[in-house]
A.B. asks: 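Quick one: the structure is below, questions incoming.
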There are 2 protein chains.
Amino acid sequence: MAEHPPFAVTVDIALFTIRDGGLCTLVVRRGEAPYRGRWALPGGFVRIDEDLDRAAERELREETGLARGFHLEQLRTYGAPKRDPRMRTVTVAYLALAPGLTSPVAGTDAADAEWRPVAGLLAATPGLAFDHGRILADALERARSKLEYTPLAAAFCPPEFTIGELRRVYETVWGTTLDPRNFHRKASKTPGFLVPTGGTTTRDGGRPAQLYRRGTLEVLNPPLARGVA
Amino acid sequence: MAEHPPFAVTVDIALFTIRDGGLCTLVVRRGEAPYRGRWALPGGFVRIDEDLDRAAERELREETGLARGFHLEQLRTYGAPKRDPRMRTVTVAYLALAPGLTSPVAGTDAADAEWRPVAGLLAATPGLAFDHGRILADALERARSKLEYTPLAAAFCPPEFTIGELRRVYETVWGTTLDPRNFHRKASKTPGFLVPTGGTTTRDGGRPAQLYRRGTLEVLNPPLARGVA
DNA sequence: TCAAAAGTGTTAATTCTACACCCATGT
DNA sequence: ACATGGGTGTAGAATTAACACTTTTGA
């Protein structure tokens, strides 16, 4: 049993951000067959001497110009035999989150990259190229559930943010509305979740709000979904 | 950019069960270099026309003789460039859970397969072959956290089980002790979690206990960790 | 009759939810 | 002065945690 059939290994990235109050994903328009003209998730081949995470970082940088400040984690791997009609590929999908003010596009490959609302991408027919619709749906589900029990929502915010901004992240991703007062209490009273920077801002209007940075807490227990309304 | 370096793709399986009140993993002793004589997770190459999940199922069947009744889910993918000194491999790791009474071993490859306590495997030096120690640790963490918010603990039990048996699964995997009375209330009152079969058993000693099957519930909210002591 | 595990009841402490209400700013 | 979001207080409902107590079996 020393057969080891050759596979091509790629990484694909579902990168989310919040723009105009909606959850958006970076997609690239395919210029070649198969799926020519359709939207696809950014991605590419893993190099022969490259770790998977490193490959995902590189692709993300190539497509967006982003070098830091984003969250990147492995989502899952997709390897149906016919997922790419050209050859036998396995793709390791990644979930990435970035703050909103990201300059849309900058990279080399990214000539046709655009931010698109997630809901539209998932509902459209025909959908994304390859199995990218499935990947995007899985990524969305992962993002939603990780917001519940990790401090990951801050990855959608600039380095310093207000509790109100953080709340709007949850509301956007979950598609719910939360009680601002209970959310404020919960967020500010959970030890290790947020670190006050001392600064304030009025960029959201109204009374000046305290600015915070992400704390060191890794897991929220109880989950943030509770006690928030 | 039509380079696509060839990779070998494998699946490796961290299969957990509970034996003698302890959490155990199925490991195989390596008969060849590299890592000759060391324990490794069971696994093998993905076939050229085979889906990843299918490959994992096949390997599991080959190593254990188990055909059904186990839980199997993708864990994550490991692809460090030097993880196998012989060639460039990427392995898609799976987490599997099986009931305790599994006949130890039966398959073809599985000549040297054994159930070993997880704690010992993780603590031993030298550890498992390749990056399997890491995979095992990640699998354990996944199993622990999935017990919190899914009805997955039942995968460690026979088709019909008592609430006490289910509680001992949680206690074993989490390494904690739970209040039997609160656990009973929480488990039996959570809608959709358990379905009474009508039968009873005294196999655990004491007063006869109701038998249950897994319900249809997919996600526990609140998590079972809460309200249980 | 006793030990062992199942199963029910009860209570105090905590947390959750839903609001009323005040605060500090820009317009 | 007023609209807008920030932030605190509080009270009833629900949940959690701790433990007393009864039930039903096998030995």
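For clarity, every value in this text was computed on a predicted model and none was experimentally measured. Lettering of chains follows the sequences in order, A, B, ..., and the numbering in each one begins at 1.
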A.B. asks: On DNA chain C, check which nucleotide each of A/Arg181 and A/Arg207 is closest to and give me the residue with the more 5' one.
C.D. replies: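 Closest to the 5' end, via its nearest nucleotide, is A/Arg181.
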A.B. asks: Return all side-chain donor-acceptor pairs below 3.5 angstrom for residues 171-184 of chain A, not counting sequence neighbours, or 'none' if the list is empty.
C.D. replies:
residue, atom, partner, partner atom, Å
A/Glu171, OE2, A/Arg167, NH1, 3.4
A/Glu171, OE2, A/Leu178, N, 2.9
A/Thr172, OG1, A/Arg168, O, 2.7
A/Trp174, NE1, A/Arg144, O, 3.0
A/Asp179, OD1, A/Arg181, N, 2.8
A/Asp179, OD1, A/Arg181, NE, 3.3
A/Asp179, OD1, A/Asn182, N, 3.0
A/Asp179, OD2, A/Arg181, NH2, 3.1
A/Asn182, OD1, A/Arg185, NH2, 2.9

A.B. asks: What's B/Asn182 touching, base or sugar-phosphate or nothing? Going by heavy atoms closer than 4.0 Å.
C.D. replies: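 Counting heavy atoms under 4.0 Å across all strands, the contact made by B/Asn182 includes a base.
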A.B. asks: When you measure from the centre of the six-membered ring of B/Trp39, is the NZ or CZ of B/Arg29 closer than 6.0 Å and no more than 45° off the axis?
C.D. replies: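 Output yes; distance and angle both within limits.
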A.B. asks: Identify, between A/Ala209 and B/Lys186, the residue whose nearest nucleotide on DNA chain D lies closer to the 5' end.
C.D. replies: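 Residue closer to the 5' terminus by nearest nucleotide: A/Ala209.
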A.B. asks: Could you tell me whether the side chain of B/Lys186 reaches within less than 4.5 Å of the side chain of B/Pro222, counting heavy atoms only?
C.D. replies: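 Heavy-atom side-chain distance check passes, below 4.5 Å.
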A.B. asks: Honestly, is A/Arg68 close enough over A/Phe70, meaning NZ or CZ under 6.0 Å from the six-membered ring centre and within 45° of the axis?
C.D. replies: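 Ring-cation test returns no.
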A.B. asks: Rounding to a whole Å, what distance do you find between A/Asp179:CG and D/dT10:C1'?
C.D. replies: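 It works out to 14 Å between those atoms.
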A.B. asks: Nearest-Å distance, CG (A/Leu178) to P (C/dC19)?
C.D. replies: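 Nearest whole value for this atom pair: 15 Å.
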A.B. asks: For the side chain of A/Pro208, counting heavy atoms from C-beta on, which of D/dT8, C/dT25, D/dG26 is nearest?
C.D. replies: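 The nucleotide sitting nearest to the side chain is C/dT25.
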A.B. asks: Which distance, rounded to the nearest 0.5 Å, do you find between the CG of A/Leu122 and the NE2 of A/His132?
C.D. replies: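 Spacing of CG (A/Leu122) from NE2 (A/His132) equals 13.5 Å.
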A.B. asks: Would you confirm whether A/Thr17, through its side chain, and A/Ala98, through its main-chain N or O, come within 3.5 Å as a donor-acceptor pair?
C.D. replies: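 Yes, A/Thr17 side chain to A/Ala98 backbone: donor-acceptor pair under 3.5 Å.
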A.B. asks: What is the nucleic acid contact for B/Arg167, judged by heavy atoms within less than 4.0 Å: base, sugar-phosphate only, or nothing?
C.D. replies: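 Sugar-phosphate, no base atom in range.
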A.B. asks: Using whole Å, report how far CZ of A/Phe161 lies from P of D/dG6.
C.D. replies: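 To the nearest whole Å, that distance equals 14 Å.
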A.B. asks: Which residues in residues 212-229 of chain B have a heavy atom closer than 4.0 Å to any atom of DNA chain D?
C.D. replies: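 Those residues whose heavy atoms fall under 4.0 Å from DNA chain D, taken from residues 212-229 of chain B in numerical order, are B/Pro222, B/Arg226, B/Gly227, B/Val228, B/Ala229.
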A.B. asks: Base of C/dG9, side chain of B/Arg185 - is there a donor-acceptor contact under 3.5 Å?
C.D. replies: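 In this structure, the two groups form a donor-acceptor pair.
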A.B. asks: Write down the distance between CZ (B/Phe183) and C1' (D/dT16), rounded to a whole number of angstrom.
C.D. replies: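 Going from CZ in B/Phe183 over to C1' in D/dT16 covers 15 Å.
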A.B. asks: With the threshold set at 4.0 Å, does a side-chain nitrogen-carboxylate oxygen contact exist between A/Asp138 and A/Arg142?
C.D. replies: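 Salt bridge between A/Asp138 and A/Arg142, a charged N being under 4.0 Å from a carboxylate O: no.
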A.B. asks: Give the rounded distance in Å between these two atoms: CG of B/Leu211 and P of C/dA5.
C.D. replies: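 Going from CG in B/Leu211 over to P in C/dA5 covers 17 Å.
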A.B. asks: Can you check the A/Asp204 CG to D/dG7 P distance for me, whole Å?
C.D. replies: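 Checked: the CG to P distance equals 10 Å.
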A.B. asks: Kindly say if B/His184 contacts the phosphate of C/dG7, meaning a side-chain N or O under 4.0 Å from OP1 or OP2.
C.D. replies: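 Yes, B/His184 has a side-chain N/O under 4.0 Å of OP1/OP2 on C/dG7.
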